[in-house]
Number of protein chains: 2
Amino acid sequence: MKEYQTDPFKGTFGSLENLADKISDVLSCPVTIEDQNHRLLAYSTHEDSTDPARVATIIGRRVPEKVVNSLWKDGVIPRLQESDDPVRVSSIQKVGLGDRVAVSIRKNSEVLGYIWVLEVEKKLTADDMHLLKLAAVSAKSQLLQMQIGTKKKEENRQELFWKMLTGNLPHEERILEKLHELNILPVLPAVVFILQLQEEVTPALEKDILYLAAVNQKINVLLSAADSNQMLLLASPVGKEQPLDLAKSFVESFFTHMKERFSVSEIKAAYGSLVTSFTQVEKSYKEASSVLAVQEKLGGETLSLTGYHELGIYQFLDTIYEKQQRQGYQNEMLKSLQEYDRLHKTELYHTLETYLTMDENLNKSSEVLHIHMNTLLYRLKRIGEITNIDLKSPHQKIMIYLDFKINRLF
Amino acid sequence: MKEYQTDPFKGTFGSLENLADKISDVLSCPVTIEDQNHRLLAYSTHEDSTDPARVATIIGRRVPEKVVNSLWKDGVIPRLQESDDPVRVSSIQKVGLGDRVAVSIRKNSEVLGYIWVLEVEKKLTADDMHLLKLAAVSAKSQLLQMQIGTKKKEENRQELFWKMLTGNLPHEERILEKLHELNILPVLPAVVFILQLQEEVTPALEKDILYLAAVNQKINVLLSAADSNQMLLLASPVGKEQPLDLAKSFVESFFTHMKERFSVSEIKAAYGSLVTSFTQVEKSYKEASSVLAVQEKLGGETLSLTGYHELGIYQFLDTIYEKQQRQGYQNEMLKSLQEYDRLHKTELYHTLETYLTMDENLNKSSEVLHIHMNTLLYRLKRIGEITNIDLKSPHQKIMIYLDFKINRLF
DNA sequence: AAAGCATTTGTGATAATTCACAAACGTTTT
DNA sequence: AAAACGTTTGTGAATTATCACAAATGCTTT
């Protein structure tokens, strides 16, 4: 096994720029150094090509908001903050991020900043990773000397929101403190909304949606963030009506407003359950996400279900699925149908799903399937023979219906 | 506060009988002392009335099997074994057990026996409890002197089975050892069966059922136990067919056999899922129990569901219920129906449940409900108005159906 | 190419359901 | 007591679902 190299980053470099260049030389990759607020401190003058995220960072002297959000969402930042080991980040096309490796610069448990290494022309080896760790130590002394690290962490609204959304702020008091610092009134109960367009949420659109929420008067927005084509809101319903009814009417006004610009099918909206403490924001966000997942995977009538509480049985599909997985359950009937379909090039599986989804209405189902009613009748008889499903048993039908939907969702 | 009394059980008593009498004197209650295998060692000659369990214990020189089983099932024995504090056991009518307090006699972590105090005419006070603890210490020296405590614990089949059923033997190797000691071949996979009669399972019936299982050849019984009106089996299906199919045919043969003696509705049977290790026996037992619970609470078509794997959607009702509880979910529609019924003395709730259970068949439902078909039609229209349930939406119907069943089960 | 099979479509008869409407009944309200 | 209301039952017609059967199609097997 190779011996550890001597530390090439020993001694002082005069400036962080020099250190960045040195790291870049040693690793043969472009390097950027940021402070704990993701503001650019230094970057290497590596001649190689780079990626859009790095360009935007250098131009704006700060890592773009959407890149930071994306890194929070994927749990990269928490991982960096927890350990002084380098973390590899696979490219995230949506935010223009190429493959790269990052390491935190830390003094004990306090994070002073980050070093990012772009893997444009080579992948870092295990040895490189070790070198990068040494570089972080060197950067630490540099930062401390320059007294950059002593600057208090300035958290902005977006970052706070993402921490709440991803569950990286599990202490209610600390959240309340930070909300206070940011001059946000901690109004509860609150709900997390996801408003999803087909295109990128531009700052203009963002402003527009917030304006809409303000004039709508149904909800009071505490925090907001744009996440590619989604706009996320943490808001508190205000008024005499049921809080969740207020949430629904806000969503509806959002729909009518957006209809003028986009076709209806392109925009979607969802919200989670009402939370009574800010530590539950992650839960509400996850619930809103699962509403969107149901809408996208199941379509149809589910498109009108925007609140998690409206999901009905769809709320429990994941729970049921998990239990099925644990028990190694398989729906034999549906499997035999699929097997039959494969062998005979028929569509019994789809036929049965449509029939059940169409409330067992022969007319509607045959219409949707573009087949003669007698064909449907014949197929149903056939399905009964093949699977011995008893279509007169609600108990059996329900299990099959749910398994159809579970198969779509997972 | 009262000072601690001096220890009245200091010194030797010559025999355990003397100690039992002394304890009985001090506490003014009948006392029995058992070894770790629940064999009678001594009992007080207290003149007071006693209970059937104690009489049977004294007559048989051992605590009756069913009493021991019941104590295992309620977790009393494990609690006694884990701590040297006295445990109070409320009366268990089924096995003739009156209120009593027990304490384990132990040498370090090893249990040598138990002292039982019947609370026939007085309840033990906190001071009495403390005295009982001192008595256990005295009993310990007595037992060790008599070298009774050094006898190796002889576990019998029943006790082993109950430990497995209650999850008090979480180590596979130890179970295998014990099975070996008892000359039982550890055949896997296995299933837990519960066969339930309306009357007590007598030794004669027990023998009869085991004989039936033997001649039936579908399953190989490893362990069995009678528990009031239930007979529990741990058995391994043998044959070329699917193991669970074999389980079902055994149950069917059990039914046909028992029909000769009892009416069909009086006997029930259920079995859990196939386990591949003996540590999962508890799970299979719980599953079989939940099948029985479904049969008893829901009746109807569920009576023909004997295997846990056949439960279909009923398998998930507890999971769904738990999640609902966590979220504070309430089915508003059903609640408003019940409210309406209460105010107007109608039966819309029951009407809807019957209609859905009868597969939305107007004829059958109106017949079962003893009402005119148009009345049913009218009620359904009314239900739609009151609850805005859309009976054309499978999604809504399913949620409501499940909530009906959940309301019955929990 | 012919036969066999599963599937689809069409026709017509029959059964079940839904709907509209009216009358009767029982409670509660005025 | 009359009126109002919700409920039940009855009648008949319109709609829808189900069944039996025949014919046609397409595919595989022989």
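Computed from a predicted structure; not experimentally measured.
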Taking NZ, NE, NH1 and NH2 as the nitrogens, is one of them in [X] or [Y] under 4.0 Å from a carboxylate oxygen of the other?
X      : Y      : answer
A:D359 : B:K397 : yes
B:D403 : B:K335 : no
A:E367 : A:K364 : no

Starting from [atom2] on [N], measure out to [atom1] on [X] and report it in whole angstrom.
X      : N      : atom1 : atom2 : answer
B:L362 : D:dT15 : CG    : P     : 18 Å
A:L376 : C:dA6  : CG    : P     : 20 Å
B:Y378 : C:dA23 : OH    : C1'   : 15 Å
B:D359 : C:dT17 : CG    : C1'   : 14 Å
B:Y340 : D:dC5  : OH    : P     : 13 Å
B:N363 : C:dT17 : CG    : C1'   : 9 Å
A:M373 : C:dG10 : CE    : P     : 13 Å
A:L380 : D:dT16 : CG    : C1'   : 15 Å

Tested for ring pair (Phe, Tyr, Trp, His ring centres under 6.0 Å) against A:F250, the lone hit among A:F255, A:F193, A:Y271 is A:F193
Any side-chain N or O of [X] less than 4.0 Å from the OP1 or OP2 oxygen of [N]?
X      : N      : answer
A:R382 : C:dT7  : yes
A:R379 : C:dT7  : no
A:N361 : D:dA17 : yes

Taking N and O atoms by type only, does the side chain of B:N374 place a donor or acceptor under 3.5 Å from a partner on the base of D:dT11?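 Answer yes: a donor N or O sits under 3.5 Å from an acceptor.
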Among C:dT11, C:dT18, C:dT7, which is the nearest nucleotide to the side chain of A:H372? C:dT11
Count the heavy atoms belonging to other residues, nucleotides or ligands that lie under 6.0 Å from NZ of A:K248, then report whether that count exceeds 12.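 Yes, because the 6.0 Å sphere around NZ of A:K248 holds more than 12 heavy atoms from other groups.
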Using heavy atoms to find the nearest nucleotide of DNA chain C for B:K345 and B:K392 separately, return the residue whose nucleotide is more 5′. B:K392
